Amino acid sequence: MKVFMFHNVGEPPKNARLKSLYVKPEKFKRWLNLLNRLNFRFVKPQELEPTGKGVLLTFDDAYRDFLENAFPVIKALKAHAIVFVPAKLVGQFNRWDYRKVNAIKPIMNWEELSFLVKEGVEIGSHTLTHPFLTKIPPPEARREIEDSKKLLEDKLGVEVKSFCYPYGDHNREVVEMVKKAGYQYAFTTIKGTYAQSPSKWEIRRIYASGYWTTLRFLWECLK
Ligand SMILES: [Zn+2]
C-alpha cells in the first residue's frame, strides 16, 4: 500500500513559486475517481498493510482549499483522509514559508476543522508552528509535539493519533518524542511504500506532484 502526500488542491496563484504543490481540482477529482474505478481502497492508517490495493490520502498544512476542492470529492467517494494541522496557526496562514513560496495560503479555522471532524475526516498534528524539529532545542521540540496533540484534542474533542514531521525533518530523538507523546502513526517525506517504512512512526509517502499527468499518477499507484 502507498500513502500519498498532498498540499494544495487548487489553482496556484499567478506569482506562486513551487507550483508542484498545487494539484488542480479537476485533476484531483479525475485521479480519485480513477482509483475508485480500479477498485483501490482508500484506507485509514490502522488499515495499512505491506501489500494490497490500498491508498491513504494525506494533506499537509490544513489549507482551506482542502475544504473547498478536495473534501467534496473525498466525501462523494466515501474515502478516508488525514489533514495535518499546525495547531497554533489555525485560522492563520503559512507563516513558515509564505516568502519562499511567494503565496499567502489560508489555513482552516476551528469551525471548519470541527465540521471536517463531524464528516469523518481524520485530524493529525503537524506540530504547533511548523518548525524544523531537529534544529530547535529538544525541550522546544517536545512542546511542539505534545502540546499540539493536546490543543487539537481539546478544541476538536477527538483523539489525535497521527503526526506529520514538518519538512519531513526527523531523527531518532524526535521519533522517540513522537512515540512517547502517544501518537500511533507518524509520516515522513521520504519517498517509499508502506512496506519500505522502518516503523509506524516513520511511514514513507509519495509526493503527489501537481505536474503529474493522470498516467503518471496511475503509474505511481500501480508500480
Ligand atoms: Zn507542512
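Heads up: numbering here begins at 1 and tracks the sequence. Note that this is a predicted model, so its numbers are computed, not measured. Just so you know, ligand 1 is whichever comes first in the structure, and atom 1 is the first atom listed for that ligand.
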Discussion item. Tell me whether K200 at atom NZ has more than 12 heavy atoms from other residues, nucleotides or ligands lying less than 6.0 Å away.
Written reply: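 Yes, enclosed.
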
Worksheet item: Quick check: are there more than 12 heavy atoms from other residues, nucleotides or ligands sitting under 6.0 Å from CH2 of W219?
Response: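 At most 12 heavy atoms, drawn from other residues, nucleotides or ligands, come within 6.0 Å of this atom.
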
Fill in: Polar protein atoms near the Zn ion (ligand 1) [N, O or S; cut-off under 2.8 Å]
D61 OD1, H126 NE2, H130 NE2

Worksheet entry | Summary of ring-ring contact (aromatic ring centres under 6.0 Å, His included) pairs that have at least one residue in residues 29-55, sequence neighbours excluded |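 ring-ring contact (aromatic ring centres under 6.0 Å, His included) check on residues 29-55 returns W31-F217.
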
Item to complete: Determine, for Y183 and K149, whether the Lys NZ or Arg CZ falls below 6.0 Å from the six-membered ring centre while staying within 45 degrees of the axis.
Response: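 Ring-cation test returns yes.
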
Discussion item. Under the criterion salt bridge (Lys or Arg N to Asp or Glu O under 4.0 Å), I'd like the reasoning laid out for E26 against R30: C-alpha separation, chi angles, the key distance, then a yes or no.
Written reply: CA-CA 6 Å; E26 319 82 68; R30 218 179 310 135; 5.4 Å; no

Worksheet entry | Parallel, tilted or perpendicular: ring planes of F71 versus F66, cut at 30 and 60 degrees |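 Tilted.
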
